[in-house]
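Following: one structure in structure tokens, then a few remarks.
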Amino acid sequence: MIGFIRYQFISYIRSLKIIPPLIAFITWVIILYFYENVPVLSSYAVTSIVVYLVMAWIAMTVFSIEEENEKNILFVQLGSKHRYIWGKWIICVIIACILIICAIIYPIMMGNFSRDVTFVDIILSIYSHLFAALFGIVVGSFFSITSFAGKKYTWLLAVLIIVISISYEGLIEKVSMLKWLLVIFPPIAQVIKHLSGNDIVYIGRDFWLLAVCIITYTFISFIITIRLFLRKER
């Protein structure tokens, strides 16, 4: 498994498919922190959304390294299709961790914030960036490795899901009936909910209840993706 992850990571880097999303991420972060004295939490909310977008992009490219024949050979070598998908996801998580560290540390090192960063700020930023990255990985892999949509529409549907999930709050305000329909979309708006508004937040009961719901959604979405992938590859 470790050998597979190492091989896939090297193959992905050599394919140069990581360059476009990486450049997009770096550009967004640099532009966001071009000015000084920016608010801490709302800035981290923005970079969380950036990580969400970029990780969906990266996940789709990670799962497109090899052709169908090469993928079948890997299934045989690994002895399990579960190892294949988990190996790919581990690569995505490693890349996500690098991006998250950069997104959190860069403005602190550059002194761009309007106030000192507290321990609570760091915890909230890790929480928001981590789940934003996981949602991006789910969206990207879901449309890449399942039969939910044809190859022709994978990118289009992935972008549509991302846009709708980001616009969740605005859509609910205009059409309240959509609240229950949109529950199937990644709750990225709920992840960054505590980072918007005031630059100081209190972590209380509401936060933990929401966090449990987000963790549950993440777990279920990965399980569904695995099952759809295995069904497709029968």
Side-chain angles (χ1 to χ4, degrees), residues 20-21 24-25 28-29 32 41-63 88-89 92-93 95-97 99-100 103-104 124-197 201 206-229:
F25 172 78
W28 271 327
V29 171
L32 176 62
L41 297 180
S42 58
S43 296
Y44 280 146
V46 173
T47 51
S48 295
I49 293 177
V50 172
V51 168
Y52 175 43
L53 295 168
V54 170
M55 285 312 304
W57 188 352
I58 288 176
M60 295 187 80
T61 55
V62 165
F63 279 97
K88 294 279 191 177
W89 278 342
C92 292
V93 169
I95 296 173
C97 289
L99 299 186
I100 290 170
I104 295 174
L124 283 174
S125 64
I126 294 174
Y127 162 81
S128 62
H129 285 88
L130 177 60
F131 281 101
L134 293 176
F135 291 158
I137 293 171
V138 167
V139 172
S141 57
F142 182 84
F143 289 105
S144 297
I145 62 176
T146 69
S147 56
F148 186 81
K151 289 185 178 181
K152 187 184 298 184
Y153 303 105
T154 52
W155 283 95
L156 179 62
L157 287 173
V159 171
L160 179 63
I161 294 298
I162 290 171
V163 171
I164 292 176
S165 59
I166 293 175
S167 309
Y168 175 85
E169 296 291 342
L171 292 173
I172 294 301
E173 288 182 4
K174 292 183 179 180
V175 186
S176 58
M177 292 178 60
L178 291 174
K179 182 176 181 180
W180 301 111
L181 177 62
L182 296 181
V183 74
I184 63 174
F185 291 86
I188 185 67
Q190 305 303 319
V191 168
I192 64 174
K193 182 177 181 180
H194 289 83
L195 301 183
S196 54
V201 66
D206 291 342
F207 172 84
W208 293 114
L209 288 174
L210 189 58
V212 170
C213 293
I214 290 170
I215 293 171
T216 303
Y217 176 92
T218 305
F219 178 77
I220 293 174
S221 61
F222 274 103
I223 294 298
I224 291 174
T225 303
I226 291 174
R227 292 190 174 183
L228 291 176
F229 168 72

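Both backbone and side-chain heavy atoms feed into the values below; hydrogens, waters and symmetry mates do not.
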request  = Check each of Val50, Val54, Val29 against Leu99 using the side-chain contact (heavy atoms from CB on, under 4.5 Å) test, and report the only one that passes.
outcome  = Val54
query = Any idea which heavy atoms bring His129 and Thr47 closest together, and the distance?
reply = NE2-OG1, 2.7 Å
Tyr44 OH to Ile126 CD1 distance, which is reported to the nearest 0.5 Å = 9.0 Å
request  = To the nearest 0.5 angstrom, please state how far the CZ atom of Phe25 sits from the CD1 atom of Ile95.
outcome  = 12.0 Å
query = Of all heavy-atom pairs between Thr225 and Trp89, which one has the smallest distance, and what is that distance?
reply = CG2-CZ2, 3.8 Å
ask   = Roughly how far, to the nearest 0.5 Å, is CE of Met60 from CZ of Phe142?
value = 11.5 Å
inquiry  = Walk me through whether Trp208 and Val212 qualify under side-chain contact (heavy atoms from CB on, under 4.5 Å).
reply    = CA-CA 6 Å; Trp208 293 114; Val212 170; 5.6 Å; no
query = Which pair of heavy atoms, one from Ser165 and one from Tyr52, lies closest together, and at what distance?
reply = OG-OH, 2.7 Å
query = Between atom OG of Ser48 and atom CD1 of Ile104, what is the distance when rounded to the nearest 0.5 Å?
reply = 8.0 Å
message = Main chain of Ile164, side chain of Ser167: is a donor-acceptor contact present, judged purely on distance under 3.5 Å?
response = no
inquiry  = Testing the basics here: between Trp57 and Pro20, what is the closest heavy-atom pair and its distance to 0.1 Å?
reply    = CZ2-CB, 3.5 Å
query = How close do Ala59 and Gly136 get, heavy atom to heavy atom, and via which atoms?
reply = CB-O, 4.3 Å
CD1 on Ile161 to CD1 on Ile188, rounded to 0.5 Å = 14.0 Å
message = Under the rule for side chain to side chain donor-acceptor pair (under 3.5 Å), what residues qualify as partners of Thr61, not counting sequence neighbours?
response = Tyr12
request  = Could you give me the CA-CA distance, side-chain angles and deciding distance for Gln190 and Cys213, then say whether side-chain contact (heavy atoms from CB on, under 4.5 Å) is met?
outcome  = CA-CA 10 Å; Gln190 305 303 319; Cys213 293; over 6 Å; no
inquiry  = Rounded to the nearest 0.5 Å, what separates atom CG in Leu134 from atom CD1 in Ile215?
reply    = 10.5 Å
message = Looking at every non-hydrogen atom in both residues, tell me the closest pair between Ser144 and Phe63 and how far apart they are.
response = CB-CB, 4.0 Å
request  = Evaluate the criterion side-chain contact (heavy atoms from CB on, under 4.5 Å) for residue pair Ile49 and Leu53; output intermediate values, then yes/no.
outcome  = CA-CA 6 Å; Ile49 293 177; Leu53 295 168; 4.3 Å; yes
remark   = From the list Val62, Val93, Ile58, side-chain contact (heavy atoms from CB on, under 4.5 Å) with Ile137 holds only for Val93
task = Examine distances only and state if a side-chain atom of Tyr217 and a backbone atom of Ile184 form a donor-acceptor pair shorter than 3.5 Å.
result = yes
ask   = Does Val138 reach the side chain of Pro186, with side-chain heavy atoms less than 4.5 Å apart?
value = no
request  = For Phe207 and Tyr127, run ring pair (Phe, Tyr, Trp, His ring centres under 6.0 Å): C-alpha distance rounded to whole Å, both residues' side-chain angles, the deciding distance at 0.1 Å, then the answer.
outcome  = CA-CA 11 Å; Phe207 172 84; Tyr127 162 81; 5.1 Å; yes
Contacts of Ile220 that satisfy side chain to side chain contact (heavy atoms under 4.5 Å, CB included) - sequence neighbours left out = Thr216, Ile224
